[in-house]
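Computation of the quantities below employed the complete heavy-atom set of this structure, encompassing side-chain atoms and omitting hydrogens, waters and symmetry-equivalent molecules. Chain naming here is simple, since letters A, B, ... match the order of the sequence lines and numbering starts at 1 in each. This structure is a prediction, so every number in the text was calculated from the model and none was measured.
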Amino acid sequence: MNCLRALHNPLEVEFLRLLLIHTDYIEFEAKEPVKGIAEEIDENLKHLRVPEALAVFVSVEEDDPSNEEDIIEEAIANIIDVFKKVNAERIVLYPYVHLTNKPSHPEDAKRIVIKMFEKLRDKDIEVYRAPFGWYKAFELKCKGHPLSELSRTIIPRPKGREEIVAEITSEYYIIYPDGRVEHIEDLEKMDLSSIEDKALRLYIESEELGIERKGTPLSVNAMRRLELVDYEPASDSGNMRIYPKGAVLFNVLVSWAKKIALEDLKAMEIITPLIYDWSEPDIREQAESFHERHYIVKTPDERKKFVLRFAADFGLFKMMKDATLSYKNLPIRIFEFARSFRYERSGEISGLKRLRSFHMPDLHSFCADIEQGWEEFATLFRHYKRLTDATGIEYAIVFRAAREWWERLRDKLVDLVKESGKPAFIEVLSKMKHYWAIKNEFQAIDSMGGNVQLATVQLDVVDAARYGIYYIDAEGQKRGCIIVHSSIGSIERWIYAVLEEALKKEKPEIPFWLSPIQIRFIPVNDDYVEDCLKLASEIRARVDVDDRDISVAKKIRDAEREWVNMIVVYGEKEKASGKLPVRFRDGHIEEMTIEELKERVKELLGSYPFVPLYLPLRLSLRPKFVG
RNA sequence: GCCACCGUAGCCUAGCCCGGCAGGGCGCCCGCCUUGUAAGCGGGAGGUCCCGGGUUCAAAUCCCGGCGGUGGCUCCA
């Protein structure tokens with residue numbers, strides 16, 4: 001869900017020039033004030049002679065006032081660096097517009113020079129300043145050693161992510177379904193017992209307060225024992241092997257994701273390449289800005305390098321940049337089932353929760369304006385909530401928003417939470433951290449009380465113009481789209497969440513529609529295998545037949561350990577009566593005819609997607625993959 | 001990436017602290033049993049004790065380095 005970020009080049013925008021001269025002395029005299037610019041000064045500051053000084057001539061160029069502090073800081077760091085290297089005793093700041101041919105407004109320059117002066121003084125450096133806005137006479141004697149004459153151009157160092165993030169402060173709220181918005185004064189000290197929604201409470205403890213979990217999530221062993229997913233030692237860490245039964249579960253989830261996107265939301269599906277040319281400037285810039293967290297693929301002759309995509313955005317945005325869009329087309333939704341790769345650091349990989357290779361159903365909506373964007377955000381939120389509810393997993397609803405957008409969208413957001421009937425935790429950030437104005441997260445709670453993010457919806461107000469994704473409005477003007485990024489979350493994480501939810505119970509159960517094996521027939525002995533095969537083939541469900549030559553009790557035990565939803569023992573009695581004893585996970589047995597069973601299956605399946613079981617019908621023909 | 005713990009047959013594991021023939025259960029194969037709602041009985045095959053190095057007469061065991069897994073930290077664009 002992440003983006004190509006074409007950052008503007010700071011070189012072209014703002015800077016400050018310095019000329020640094022290590023002097024035996026510098027002497028100046030203010031002669032005449034420049035009209036409208038000159039600062040008022042004491043008589044005794046009009047004429048100064050400063051020995052053993054580092055003379056710093058400063059000119060301020062057209063600058064962006066929003067970056068002023070950064071520029072000053074960087075300039076001070078440079079001056080002090082030279083000051084120490086040349087071992088000067090004091091500093092003289094000398095405003096000198098002539099170093100540039102595109103000077104800033106004098107008021108800005110004056111303010112910046114004065115601030116620099118004050119900062120240097122605050123660092124206990126003996127510092128003097130020539131008055132601003134006067135015609136001055138000056139004289140100096142340069143020492144002439146190699147470092148005695150230097151010029152520096154100050155470019156505000158683009159801030160690292162850490163710095164930007166460190167400057168952002170957060171406030172927290174809980175929005176209740178009755179419309180109440182509770183401001184949390186102190187997250188550390190808040191009374192969690194007052195939160196009725198258990199998942200929300202667990203989420204806050206786990207993610208926001210970092211309370212330690214009790215141990216290894218149960219799915220880590222279960223995924224292997226159930227022959228769903230396993231580690232692949234012959235690959236890189238975090239690249240999993242998926243067994244046939246895992247593939248069934250995987251494909252049901254994929255069908256579900258596609259059904260939501262393509263049928264319910266009428267998105268258009270696309271397929272884009274996995275690898276992207278490393279020499280494309282925007283791709284390279286984006287990839288490099290991401291801490292080397294990507295795989296590189298080289299051609300055999302090593303003449304070309306490609307980056308393995310870490311999200312669907314690469315191909316999608318390239319495609320949309322080339323597309324011609326009219327306001328009449330909007331909003332449009334584009335879906336891609338995107339296998340993605342992220343080179344997560346070794347300690348960050350974990351079970352099915354965090355992988356280096358994963359499958360992300362990715363849905364992007366392109367909208368005309370913020371109103372349409374919000375409508376889309378709300379629509380997607382409703383869908384994802386309904387669908388998350390359908391899996392029966394325990395989850396918390398979280399929103400994050402930049403302050404300006406929280407203020408702007410607050411009423412609408414509260415209405416959305418009211419409508420959802422579930423309280424939501426919201427983090428309000430002092431400024432925008434990424435591209436989104438507001439985002440939503442569905443946070444599932446695992447068997448150990450830990451949390452993992454599944455679905456997300458993000459309202460992106462900045463990226464479209466940056467990527468060159470435009471539409472033509474009713475007046476024929478080119479305008480940037482509002483992009484809503486969203487996903488139900490990776491298929492792997494869904495497998496994790498479904499298993500974790502099942503494992504919270506004493507007798508784990510996967511919801512019928514997701515379960516790899518839904519019904520198992522157990523013939524009492526060889527004489528009934530053929531009948532069972534025939535019955536199994538009549539039901540549109542994932543059904544199999546345990547035809548192994550072992551005791552019925554043993555077959556039942558195996559079926560239970562495999563979490564089969566319904567077990568049917570079939571022998572003489574059943575053949576005679578036509579009634580099937582269907583054993584459910586809770587242990588109770590219901591007698592029903594084959595027609596009644598088929599009806600029950602239909603009910604349970606409802607409108608969920610169905611994927612057949614692509615495994616031998618007879619258990620005796622199946623290999624054991626684990627154990 | 002950092003810290004801690006772990007790595008013995010396809011799977012689960014005993015043995016490791018205190019160096020001396022690698023043991024059990026599941027699964028698999030063979031045979032018997034013909035099975036009725038959570039493990040029927042007997043036999044057999046199966047080992048690079050994660051990898052590399054070191055100490056020692058002798059290393060699964062002790063030491064060093066690596067790889068892999070899990071948890072925590074950080075991170076999650």
Quick check for you: among B/G36, B/A38, B/C28, whose closest atom lies nearest to any side-chain atom of A/Lys624?
B/C28
Run the salt-bridge test on [X] and [Y] with the 4.0 Å N-O cut-off and return the result as yes or no.
| X | Y | answer |
| --- | --- | --- |
| A/Glu427 | A/Lys433 | no |
| A/Arg354 | A/Glu348 | yes |
| A/Arg548 | A/Asp558 | yes |
| A/Lys575 | A/Glu572 | no |
| A/Glu538 | A/Lys534 | yes |

When A/Asn451 is tested against each of A/Lys353, A/Glu207, A/Glu441, A/Glu208 for side chain to side chain donor-acceptor pair (under 3.5 Å), which residue passes?
A/Glu207
Nearest-nucleotide wise, let me know which of A/Val552 and A/Arg561 is further upstream toward the 5' end of RNA chain B.
A/Val552
Could you list the protein-to-nucleotides 11-14 of chain B atom pairs, N/O on both sides, closer than 3.5 Å?
from: B/C11; atom 1: O4'; to: A/Gly627; atom 2: N; distance (Å): 3.3

Quick test: give all pairs of protein nitrogen or oxygen and nucleotides 45-52 of chain B nitrogen or oxygen below 3.5 Å, distance rounded to 0.1 Å.
none

Which residues pass the ring-ring contact (aromatic ring centres under 6.0 Å, His included) test with [X], sequence neighbours left out?
| X | result |
| --- | --- |
| A/Tyr276 | A/Phe314 |
| A/Trp374 | A/Phe377 |
| A/Trp405 | none |

Name the pairs: protein N/O against N/O of nucleotides 68-73 of chain B, kept only if under 3.5 Å.
from: B/G69; atom 1: OP1; to: A/Ser237; atom 2: OG; distance (Å): 3.4
from: B/G69; atom 1: OP2; to: A/Ser237; atom 2: OG; distance (Å): 3.2
from: B/G69; atom 1: O3'; to: A/Tyr231; atom 2: OH; distance (Å): 3.0
from: B/U70; atom 1: OP1; to: A/Tyr231; atom 2: OH; distance (Å): 2.5
from: B/U70; atom 1: OP1; to: A/Gly351; atom 2: N; distance (Å): 3.0
from: B/U70; atom 1: O2'; to: A/Thr216; atom 2: OG1; distance (Å): 2.6
from: B/G71; atom 1: OP2; to: A/Ser350; atom 2: OG; distance (Å): 3.2
from: B/G72; atom 1: OP1; to: A/Arg213; atom 2: NE; distance (Å): 2.9

Could you check whether [X] gets within reach of a base, just the sugar-phosphate, or nothing at all, counting any heavy atom under 4.0 Å?
| X | answer |
| --- | --- |
| A/Glu562 | nothing |
| A/Lys573 | base |
| A/Glu572 | base |
| A/Val524 | base |
| A/Glu574 | base |

List in numerical order all residues of residues 580-593 of chain A for which some heavy atom is under 4.0 Å away from an atom belonging to RNA chain B.
A/Pro581, A/Arg583, A/Ile589
Are any side-chain N or O atoms of A/Asn440 and backbone N or O atoms of A/Ile397, one a donor and one an acceptor, separated by less than 3.5 Å?
no
I'd like to know if the side chain of A/Arg542 reaches the main chain of A/Ser515, judged simply by a donor and an acceptor atom lying under 3.5 Å from each other, with no hydrogens or angles considered.
yes
Non-neighbouring partners of [X] that pass side-chain hydrogen bond (donor to acceptor under 3.5 Å, both in side chains), sequence neighbours left out:
| X | value |
| --- | --- |
| A/Lys298 | none |
| A/Lys555 | none |
| A/Ser490 | none |

Aromatic plane relationship, A/Phe442 with A/Tyr395 - under 30° parallel, 30 to 60° tilted, over 60° perpendicular
tilted
Secondary structure of RNA chain B in dot-bracket form (Watson-Crick or G-U wobble, distances below 3.5 Å, | marking inter-strand pairs):
(((((((..((((......[..)))).(((((.......))))).....(((((..]....))))))))))))....
Check nucleotides 41-44 of chain B against the protein and report each pair of N or O atoms closer than 3.5 Å, with its distance, or say if there are none.
none

Is it the case that B/U37 (base atoms only) and A/Arg557 (side chain only) share a donor and an acceptor within less than 3.5 Å, ignoring hydrogens and angles?
no
